[in-house]
Number of protein chains: 2
Amino acid sequence: MALVKVAIAAFDDIRPFHLSVPCAVFGEAAGAEPLFDVRVCAAESGELRSHAGFTIGTHHGLRELERAQIVVVPSWRDAHEPAPAPLLASLQRVHRRGALVVGLCLGAYVLAEAGLLDGRRATTHWRWTEQFAQRFPQVQVDPGVLYVDQGNVLTSAGTAAGIDCCLHVVRREFGAEVANRIARTLVVPPHRQGSQAQYIEQPVLAATSEGPLSKTLGWAARHLDTAHSLDSLAARAAMSRRSFTRHFRQHTGTTVTQWLLSQRLMLAQRLLETTAQSIERIAERAGFGSALSMRHHFSVAFNTTPSMYRREFRGG
Amino acid sequence: MALVKVAIAAFDDIRPFHLSVPCAVFGEAAGAEPLFDVRVCAAESGELRSHAGFTIGTHHGLRELERAQIVVVPSWRDAHEPAPAPLLASLQRVHRRGALVVGLCLGAYVLAEAGLLDGRRATTHWRWTEQFAQRFPQVQVDPGVLYVDQGNVLTSAGTAAGIDCCLHVVRREFGAEVANRIARTLVVPPHRQGSQAQYIEQPVLAATSEGPLSKTLGWAARHLDTAHSLDSLAARAAMSRRSFTRHFRQHTGTTVTQWLLSQRLMLAQRLLETTAQSIERIAERAGFGSALSMRHHFSVAFNTTPSMYRREFRGG
DNA sequence: CTGGAGAGTGGCCCAAATGACATAATTAGT
DNA sequence: ACTAATTATGTCATTTGGGCCACTCTCCAG
């Protein structure tokens, strides 16, 4: 079978991780044969230096990029800096030709500048979605997904969501089984469900988000020392138990107890790290009924005991 | 605050993803200030060409590597090829000096060759754990974790587990809060609990794994068309319901129903992709009670309907 | 005006998940 | 060999998660 040609646009000051995500997913052979012909193409002239300091050398340029069936813009160095005109022109040509154009992370900015997203839905890194929406009002930003598939234009949320997006492309081309096999090789969940929201919960809480649910969660996170039940929280949010769980799952991607537990664990971690309080006292402040209970949850989640954790942190 | 010096060993034919994982985690500033001084150091002379084709240029070498407080070997090109002697010597020196040495993925082979893992526990990519255990009998391989912390020597499981491992290092140095902030920026779960087993479930099933649990899971995966309850599966595994759930969680990292659901969804995906059967028929074969139920689960998990999924796959 | 589709909500209820605790089995230490 | 300690397993009770259905509200087309 002929390999599918994938071109990845490289630019100066690119973060190596962004560059390497499509390399890893598309470059991973599923079984004996490789599936894609991956080429890193310089989108700018001159020496390309990665954000981590090393230089990136490639013989391919925009000419090569335009030959590909899948073109990936794996981010962009600065949300404020306009993308170079030649790259935009190439993307437009390749898009007209019917190729699949993928913008990972800030790569969505480049696609938007090229006009490929006009009137379409898109997403980008959560830290930039608002700024993006202001700058490109003609694009409908969906901050609540890991990637957006619009047929021949795809955009992904921040950094690691690019993995999910590229896996999705593989799934479209070769099916879920091949994509899953690659995911297993990379030791990555085959399909992360839910939005990027679950990974940015904290800042969302910090901001005075609207909605009875966000408010309730914020309140709960600030009052971890007391016991909370699903019902008490639902009551505080002025919802039925049923609706509360539904919204909760929709919003955070997990269940109430799991979220509560992870909040408690995170607080306990912080107290263990930053204070000298006794385990017993910390267990109390983090809302575990007893030190025994905390110990148990610690060992399940982190595979250590609280005291070991503290010692390890101090020592390291 | 003085930056913590991190050195990453680069070699010819390195996979860019492996190289970039420590770059991404340690190079990510948490807040305004960067925390680490990250340098990519050539572990071999001559031009370094990445697995994806582009070349990697750096001025730093092993001399620079030995100055670091944290040294990362982000994999190795081939499990069968011995690592170069100068690199091994450098690692030994830096380890004696008390620096932290981290071996990601196949990097564990390099650490083992350098003798840093003798008498210790370690892990590596699941595809190589057996071979590793045979080659280095003096190392206790733990295939069931994402990373192993042995004080000043760390090893991680395959590829993306390197992210978890590096985040763990950050946590040790600067605390859970800083690590969580970086994880959020990278849109990565702050702490994946459970083993790499959950990401490799399929091959485990395919092999005739021992143990009543694996057998039962394999059987269930082959008989998805019928309904299964927790009790029926527990009975088949000849365990009490409680023990069954406990072992299940231990082994797979999820709960029984979730696992069953994801199995059903995967089968449905495959059938939608590879057959022309009706949705109704597929729902039946995949063990969803009704097409309605399947539609529901599809929209929750993949954010589309079964027919949309099929159309999209055909079109792409 | 009306009937129907679709979204949001709450109630009911069962199965699943998990904590608490008891008991057996295994290991380690003396 | 005896006992303490740890670990595996079981029982019971409680809470949670979520499927299912009915109800309401809104919007839209006929």
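Order of the sequence lines fixes the chain letters, A, B, ..., with proteins taken first and strands second; residue numbering starts at 1 for each chain. Side chains are part of it too, since the values below use all heavy atoms of this structure and drop only hydrogens, waters and symmetry mates.
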Backbone of B:W219 reached by a side-chain donor or acceptor of B:H223 within 3.5 Å: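 Checking the backbone N and O of B:W219 against the side chain of B:H223, a donor-acceptor pair under 3.5 Å is found.
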
Strictly distance-based, threshold 3.5 Å: is any side-chain N or O of B:S232 a donor or acceptor partner for the main-chain N or O of B:H228?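 No, B:S232 side chain to B:H228 backbone: no donor-acceptor pair under 3.5 Å.
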
Judged by each residue's nearest nucleotide on DNA chain D, which is more toward the 5′ side, A:T255 or B:H247?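 Of the two residues, B:H247 wins.
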
5'-most contact on DNA chain D: A:R246 or A:D231, nearest heavy atom basis? A:D231

Base, sugar-phosphate alone, or nothing: which one does A:S293 contact when heavy atoms must sit under 4.0 Å apart?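 No contact.
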
Taking any heavy-atom pair under 4.0 Å as a contact, classify B:T245: base, sugar-phosphate, or nothing. base

Hey, where on DNA chain D does chain B first and last touch, going 5' to 3'? Cut-off is any atom under 4.0 Å from a heavy atom.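 Range of nucleotides within reach of chain B: D:dT9 to D:dG19.
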
Using whole Å, report how far [atom1] of [X] lies from [atom2] of [N].
X: A:F288; N: C:dG19; atom1: CZ; atom2: P; value: 11 Å
X: A:L260; N: C:dT18; atom1: CG; atom2: C1'; value: 15 Å
X: B:F248; N: C:dA15; atom1: CZ; atom2: P; value: 19 Å
X: A:L292; N: C:dT18; atom1: CG; atom2: C1'; value: 15 Å
X: B:H228; N: C:dA15; atom1: NE2; atom2: P; value: 17 Å
X: A:R295; N: C:dG19; atom1: CZ; atom2: C1'; value: 16 Å
X: B:R242; N: C:dG19; atom1: CZ; atom2: P; value: 7 Å

Please determine, by modelled atom types, if A:R249 and A:T255 share a side-chain donor-acceptor pair under 3.5 angstrom. no

Between B:R241 and B:D231, does any side-chain N to carboxylate O distance fall below 4.0 Å?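 Salt bridge present between B:R241 and B:D231.
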
Kindly say if B:R249 contacts the phosphate of C:dT18, meaning a side-chain N or O under 4.0 Å from OP1 or OP2. yes

If you count heavy atoms of other groups shown closer than 6.0 angstrom to CD of A:Q277, is the number above 12?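 Counting neighbours around CD of A:Q277, more than 12 heavy atoms of other residues, nucleotides or ligands fall under 6.0 Å, so yes.
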
Minimum-distance pair of heavy atoms, taken over all atoms of A:V148 and A:R121: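 So the minimum-distance heavy-atom pair works out to CG1-O, 3.6 Å.
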
Minimum heavy-atom distance between B:L267 and B:R285, given as atom pair plus value: CD2-O, 3.7 Å

Pairwise 5' ranking along DNA chain C for A:S243 and A:H296, keeping only the more 5' one: A:S243

